[in-house]
Amino acid sequence: MTAAINLDSGSISGTVTKPIRVSFEFFPPRTDEMLAQLWAAVERLAPLKPNFVSVTYGAGGSTRERTHEIVVRIQREKLLPAAAHLTCVAATRAEVDAVAQRYWDSGIRHIVALRGDPPNGVGTAYQPHPGGYPFAVDLVHGLKKVADFEISVAANPEGHPEAATKAADIDNLKRKIDAGATRAITNMFFDVDVYRRFIDKARAAGIKVPIVPGIFPVTNFAQSAKFAVKSGATVPQWLYDQFAGLENDPETRRLVAATVAAQQVSQLRKEGVEDFHFYTLNRADLTYAICHILGVKPQSV
């Protein structure tokens, strides 16, 4: 029996707590300095033995190459299951298939398949690339023809901003699962009731695969709030209140961010959720601290 922190009451309980499973997301660096920061984050988090780590992907050859190099390096040097993001943006089907085949040949077996943001930025109209995969469901179909990848896809607890309705968005998720995806990872959300309601609707629609909550530890609240709104996530008033007056106090912001994220995970954990995906923003210390609070400790190699 191990003691566990009860984040709701602040007390120590003697109940046995089933350990959670975590995964981490990084983004490819644009500079050598950012590459060093990324690799330091990987070094810091690797001992926690995540289920997998993923590396995002943007349009354009240079980002594509960095993503490939980092994913392969993580799997080779850290012996961690690594997943590469692939999108439909700015590439033909043949080009995407070639990238996927290269991943398979390099030993990468897990792809995070996404439509991707419009090339002109979030908020602009999305137009499928001529000759490309139009949407994520098409990409999933295509990847399964390339090789027997494990495929994760995105889920939007509050609905994708471009979806006609929330029900239509869940139908789209169902199509991606039916096409061969084996896991969904959610966009950021802050109120756990949002996730609960989404799970109920997804299960009612016949979606049976794991739907892993995406945890976004907030560091810069102003920037995070703007990003959340653009991505369709609601920022509740209580979260504004938590960060009020801390604009020039980064140390306290980090403490508040760790507490908020740990409480979010703890609440979901009580309902049987065991897997959590952390958006690290290539900063390890905050994610490491949250995992430590939740009982995810370094494991010997």
Just checking [X]: does its [atom1] atom have more than 12 heavy atoms from other residues, nucleotides or ligands closer to it than 6.0 angstrom?
X      : atom1 : value
Asp32  : CG    : no
Arg30  : CZ    : no
Gln223 : CD    : no
Gln237 : CD    : yes
Asn248 : CG    : no

| Taking the six-membered ring for Trp, are Phe135 and His141 ring centroids under 6.0 Å apart? |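 Centroid distance Phe135-His141: not below 6.0 Å, so no.
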| query | Are Phe190 and Tyr240 near enough that their ring centres are under 6.0 Å apart? | reply |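 Between Phe190 and Tyr240, the centre distance exceeds or equals 6.0 Å.
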Whether [X] and [Y] hold their rings parallel, tilted or perpendicular, with breakpoints at 30° and 60°:
X      : Y      : result
Phe189 : Tyr195 : parallel
Phe227 : Phe216 : parallel
Tyr288 : His292 : parallel

Just by modelled atom types, is the [Y] backbone N or O under 3.5 Å from a matching donor or acceptor in the [X] side chain?
X      : Y      : result
Asn282 : Phe27  : yes
Lys297 : Leu48  : no
Arg254 : Asp285 : no
Ser23  : Val53  : no
Thr87  : Leu114 : no
Gln242 : Val260 : no
Gln267 : Val192 : no

| said: Any donor-acceptor pair under 3.5 Å linking the side-chain atoms of His160 with those of Arg115? | reply: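 No, no side-chain donor-acceptor pair sits under 3.5 Å.
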| said: Pairing donors with acceptors under 3.5 angstrom, does anything connect the side chains of Gln101 and Asp97? | reply: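 Side chains of Gln101 and Asp97: no pair found under 3.5 Å.
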| Under 4.5 Å between any side-chain heavy atoms of Phe243 and Ser224, yes or no? | no
Does the distance from a Lys or Arg side-chain N to an Asp or Glu carboxylate O, for [X] and [Y], drop under 4.0 Å?
X      : Y      : value
Arg253 : Glu247 : no
Lys174 : Asp178 : yes
Arg66  : Glu69  : no

| field | Evaluation steps, salt bridge (Lys or Arg N to Asp or Glu O under 4.0 Å), between Arg21 and Glu274 | value | CA-CA 6 Å; Arg21 295 182 293 265; Glu274 297 176 356; 3.1 Å; yes
| remark: Between Ala113 and Val140, the two heavy atoms sitting closest are CB-CG2, 4.0 Å
| task | Test side chain to side chain contact (heavy atoms under 4.5 Å, CB included) on Val99 and His68 and set out the steps. | result | CA-CA 9 Å; Val99 172; His68 184 275; 5.9 Å; no
| message | Test side chain to side chain contact (heavy atoms under 4.5 Å, CB included) on Trp39 and Arg73; report intermediate values, then the result. | response | CA-CA 10 Å; Trp39 202 248; Arg73 183 182 175 189; 3.2 Å; yes
| Roughly how far, to the nearest 0.5 Å, is the CZ atom of Arg183 from the NE2 atom of His277? |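 Separation between the atoms: 9.5 Å.
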| query | Rounded to the nearest 0.5 Å, how far does CG of Asp138 lie from CG of Leu143? | reply | 11.0 Å
| request: Mind running side chain to side chain contact (heavy atoms under 4.5 Å, CB included) on His129 and Cys88 for me, showing each step along the way? | output: CA-CA 7 Å; His129 186 276; Cys88 304; over 6 Å; no
| said: Applying salt bridge (Lys or Arg N to Asp or Glu O under 4.0 Å) to Arg102 and Glu65, what does each step give before you reach the verdict? | reply: CA-CA 11 Å; Arg102 186 179 172 198; Glu65 285 303 312; 2.9 Å; yes
